[in-house]
Protein chains: 2
Amino acid sequence: MIGHSAKIPLPSLKRLPGYVHFLRSLKCEGVATVSTTAIGRALRLDPTQVRKDLACTGAEGRPRVGYRVDDLIVVLEEFLGWRNVSEAFLVGAGHLGSALLGYEGLRNHGLDVIAAFDSHPAKVGQDVHGVKVLDIERLPGLARRMGVHIGVLTVPVDAAQEVAERMVEGGILSIWNFAPVSLQLPEKIFVQNGELYAQLAVLLRRTEEAVSRKTPSTPEVA
Amino acid sequence: MIGHSAKIPLPSLKRLPGYVHFLRSLKCEGVATVSTTAIGRALRLDPTQVRKDLACTGAEGRPRVGYRVDDLIVVLEEFLGWRNVSEAFLVGAGHLGSALLGYEGLRNHGLDVIAAFDSHPAKVGQDVHGVKVLDIERLPGLARRMGVHIGVLTVPVDAAQEVAERMVEGGILSIWNFAPVSLQLPEKIFVQNGELYAQLAVLLRRTEEAVSRKTPSTPEVA
DNA sequence: AGAAAAAAGAGAAAAAAATCTCTATTTCCA
DNA sequence: TGGAAATAGAGATTTTTTTCTCTTTTTTCT
Ligand SMILES: NC(=O)c1ccc[n+]([C@@H]2O[C@H](COP(=O)([O-])OP(=O)(O)OC[C@H]3O[C@@H](n4cnc5c(N)ncnc54)[C@H](O)[C@@H]3O)[C@@H](O)[C@H]2O)c1
Ligand SMILES: NC(=O)c1ccc[n+]([C@@H]2O[C@H](COP(=O)([O-])OP(=O)(O)OC[C@H]3O[C@@H](n4cnc5c(N)ncnc54)[C@H](O)[C@@H]3O)[C@@H](O)[C@H]2O)c1
């Protein structure tokens with residue numbers, strides 16, 4: 001169960017994992033307490049904002065001291081649902097899918113991919129980083145029987161919609177979609193897009209801005 | 001050059017790639033014009049919001065008709081800098097790095113990874129999906145000589161800070177960082193984090209909400 | 001012990017983003 | 001040809017998010 005069912009602003013929720021990563025590094029260094037000032041300096045965030053975010057999770061600090069690092073990690077991990085991981089199915093054991101399957105990081109972040117699915121005969125039956133690849137036909141039945149609610153979608157664009165519908169058929173409630181398409185599914189199904197391209201768009205724009213700062217006054221006509 | 005240097009809200013910029021993906025699929029189906037109402041329905045966004053986003057890029061539509069799909073794609077791709085791709089270096093030819101190197105999608109989205117770097121002797125000299133893997137030691141020199149401004153960072157957490165500093169040493173201005181650490185770099189360097197964990201946090205929370213909706217009134221004490 | 005400094009926490013203000021309202025334009029249809 | 005419907009576009013409003021201000025608490029230093 002994910003802690004503190006209270007409503008948290010979406011931007012705050014998205015910042016929480018970053019806090020945990022930073023806190024874990026502090027813990028490794030043996031730091032016992034930390035202030036929002038210090039967190040903000042490290043993560044380039046306003047200290048007040050950090051304080052507000054932490055308050056949403058129920059964390060409590062002490063004036064002049066800050067927060068106990070150990071306790072704060074526990075509270076945040078609890079809040080994020082990282083302490084009892086959720087089971088998920090992954091479809092598309094290709095390049096990206098295999099990278100995710102081999103990434104032990106997911107389990108540390110609340111997600112346990114317990115099986116993979118593919119349609120290609122060469123993939124079915126394989127064992128990718130310890131995860132069995134099954135025939136996609138078996139997904140709906142297994143998802144329903146095992147009560148799996150999360151699907152990770154790493155198939156090519158053309159197959160994405162079809163595979164997503166298979167997931168829904170199996171009772172999947174949320175889909176993490178890495179294909180660059182907008183899936184058309186019942187409204188109750190939550191779709192989290194990979195947003196690789198959104199990130200890239202920001203990166204390219206900022207880079208362009210930085211380059212033109214370095215090379216000022218470049219007239220288009222000479 | 002990235003078009004229309006005008007300031008666009010960050011959330012708007014992030015939505016643009018999704019519009020392009022949808023428009024491309026319309027084009028494949030032979031659709032000639034599209035309204036913001038239709039875009040909004042497909043992407044689950046408010047039509048006014050779509051219109052505001054498109055206005056930022058300089059796109060113009062006609063009442064009662066909407067936007068010409070072909071033209072809109074061109075305007076958006078121009079705006080996003082997808083028409084003349086930017087060159088980038090990637091460091092860390094492991095699982096994730098290889099997946100990205102083999103992904104022709106990046107080039108369609110404005111990024112051309114022209115070389116990869118690694119520190120492991122077994123990786124150096126290899127050819128991953130047509131991209132040469134070079135020794136990390138050569139990165140600063142090559143980056144500076146070739147005028148590469150973007151770095152993609154896919155090394156383990158422990159190496160991330162060190163590698164990032166190498167990139168900065170080579171004149172890299174922006175870093176796409178997939179390691180779960182907050183890089184400490186000069187303020188002028190732009191860091192776009194992979195945000196995998198932020199997405200996962202949202203996914204888990206929404207799933208939890210959906211599950212508890214399906215299983216209402218679960219008292220903690222019987 | 002008392003003063004000073006640092007930081008949490010609460011509330012107010014400001015900024016940013018999303019949504020709503022209205023008008024003008026264009027096309028379709030009778 | 002005239003009316004109805006759909007939609008872009010501009011501006012106003014509301015909501016959300018971020019930032020600022022002030023108060024209180026705790027610790028450290030003299
Ligand atoms: N490779 C990357 O780095 C990367 C990055 C971001 C997004 N993506 C996206 O992720 C998706 C996968 O990319 P990839 O590079 O891993 O592709 P890939 O071709 O390596 O892998 C796709 C896998 O999906 C399987 N598949 C195809 N149709 C299927 C179906 N109907 N049912 C089940 N399995 C099916 C294929 O057999 C294959 O194993 C694409 O949509 C791509 O745009 C990839
Ligand atoms: N695998 C995934 O799906 C995934 C997803 C999200 C984030 N990440 C993150 O991406 C990073 C890489 O993950 P991975 O699974 O690809 O790991 P990996 O171990 O497969 O690859 C890491 C690569 O970096 C190289 N490397 C290590 N130290 C280096 C150095 N100092 N200089 C140059 N190269 C060096 C290694 O030789 C290796 O090739 C990690 O930080 C991980 O947390 C991975």
Side-chain angles (χ1 to χ4, degrees), chain A residues 4 6-19 22-23 26 31-73 75-76 79 195 198 201-202 205-206, chain B residues 4 6-19 22-23 26 31-73 75-76 79 195 198 201-202 205-206:
Chain A
H4 238 261
K7 215 173 124 258
I8 182 177
L10 201 60
S12 299
L13 177 59
K14 289 183 176 174
R15 282 188 293 265
L16 297 185
Y19 299 147
F22 177 61
L23 292 166
L26 288 184
V31 178
T33 62
V34 66
S35 70
T36 54
T37 318
I39 297 175
R41 197 164 37 233
L43 276 68
R44 295 201 200 171
L45 295 169
D46 185 280
T48 315
Q49 188 168 63
V50 178
R51 218 174 291 138
K52 289 250 154 95
D53 290 345
L54 297 184
C56 291
T57 68
E60 286 183 11
R62 286 200 309 183
R64 178 69 209 236
V65 179
Y67 300 78
R68 283 190 47 75
V69 173
D70 286 347
D71 298 352
L72 193 49
I73 290 175
V75 170
L76 292 181
F79 186 91
E195 288 177 11
V202 175
R205 180 145 283 258
R206 288 287 158 81
Chain B
H4 237 260
K7 216 174 125 259
I8 182 176
L10 202 61
S12 299
L13 178 58
K14 288 185 176 172
R15 281 188 293 264
L16 297 184
Y19 300 147
F22 177 61
L23 292 166
L26 288 182
V31 178
T33 62
V34 67
S35 69
T36 54
T37 318
I39 298 175
R41 199 164 35 232
L43 276 70
R44 296 201 200 173
L45 294 170
D46 186 280
T48 315
Q49 188 169 64
V50 177
R51 217 174 292 138
K52 289 252 153 91
D53 291 344
L54 297 183
C56 290
T57 68
E60 286 184 9
R62 287 198 311 182
R64 179 67 209 238
V65 178
Y67 299 78
R68 281 190 49 76
V69 173
D70 286 347
D71 297 352
L72 194 49
I73 290 174
V75 169
L76 292 181
F79 187 91
E195 289 178 10
V202 176
R205 179 145 286 256
R206 287 288 159 83

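By convention in this document, chain letters (A, B, ...) are assigned in the order of the sequence lines, proteins followed by strands, and residues within each chain are numbered from 1. Treat the numbers as computed from the prediction; the structure is a model and nothing was measured.
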Short heteroatom pairs, N/O only, protein and nucleotides 22-28 of chain D, under 3.5 Å:
unit_1, atom_1, unit_2, atom_2, d
D:dT27, OP1, A:Arg62, NH2, 3.4

Dot-bracket for DNA chain D: what is it, with Watson-Crick or G-U pairs under 3.5 Å, [ ] where a pair crosses earlier ones, and | for a pair to another strand?
-> ||||||||||||||||||||||||||||||
d(B:Leu54 CG, B:Phe79 CZ) to nearest 0.5 Å is 10.5 Å
Length of the NZ-P vector between B:Lys52 and D:dA8, whole Å | 13 Å
Does a side-chain heavy-atom distance below 4.5 Å link B:Arg51 with B:Pro47?
-> yes
Residue list, side-chain hydrogen bond (donor to acceptor under 3.5 Å, both in side chains) with A:Tyr67, at least two apart or on another chain = none
Determine, stepwise, if the pair A:Leu43 / A:Val50 fulfils side chain to side chain contact (heavy atoms under 4.5 Å, CB included).
-> CA-CA 10 Å; A:Leu43 276 68; A:Val50 178; over 6 Å; no
By side-chain contact (heavy atoms from CB on, under 4.5 Å), which residues pair with A:Ser35, not counting sequence neighbours?
-> A:Thr37, A:Ala38
How close or far is atom P of C:dT26 from atom OH of B:Tyr67, stated in whole angstroms?
-> 14 Å
Identify the two heavy atoms, one from A:Leu10 and one from B:Arg206, that lie closest to each other, and give their separation to 0.1 Å.
-> CD1-NH2, 3.8 Å
Distance, rounded to the nearest Å, where B:Arg68 contributes CZ and D:dA8 contributes P | 15 Å
Nearest whole angstrom, please: distance from the P of C:dA16 to the CG of B:Leu13.
-> 16 Å
Between C:dA16 (P) and B:Arg15 (CZ): distance, integer Å = 16 Å
Kindly determine whether B:Leu45 and B:Tyr19 satisfy side chain to side chain contact (heavy atoms under 4.5 Å, CB included), including the steps that lead there.
-> CA-CA 11 Å; B:Leu45 294 170; B:Tyr19 300 147; 3.6 Å; yes
Tell me, please, which residues at least two apart from A:Thr48 pass side-chain hydrogen bond (donor to acceptor under 3.5 Å, both in side chains).
-> A:Asp46
Check: B:Leu13 and A:Val202 side chains under 4.5 Å, non-hydrogen atoms | yes
Under a 4.0 Å heavy-atom cutoff, the residues of residues 33-50 of chain A touching DNA chain C are A:Ser35, A:Thr36, A:Thr37
Can you see which heavy atom on B:Leu76 is nearest to which on B:Thr57, and at what distance?
-> CD2-CG2, 3.6 Å
Nearest heavy-atom neighbours spanning B:Asp53 and B:Ser12 = OD1-OG, 2.7 Å
Protein-nucleotide distance (B:Glu60, atom CD; D:dG9, atom P), rounded to Å = 6 Å
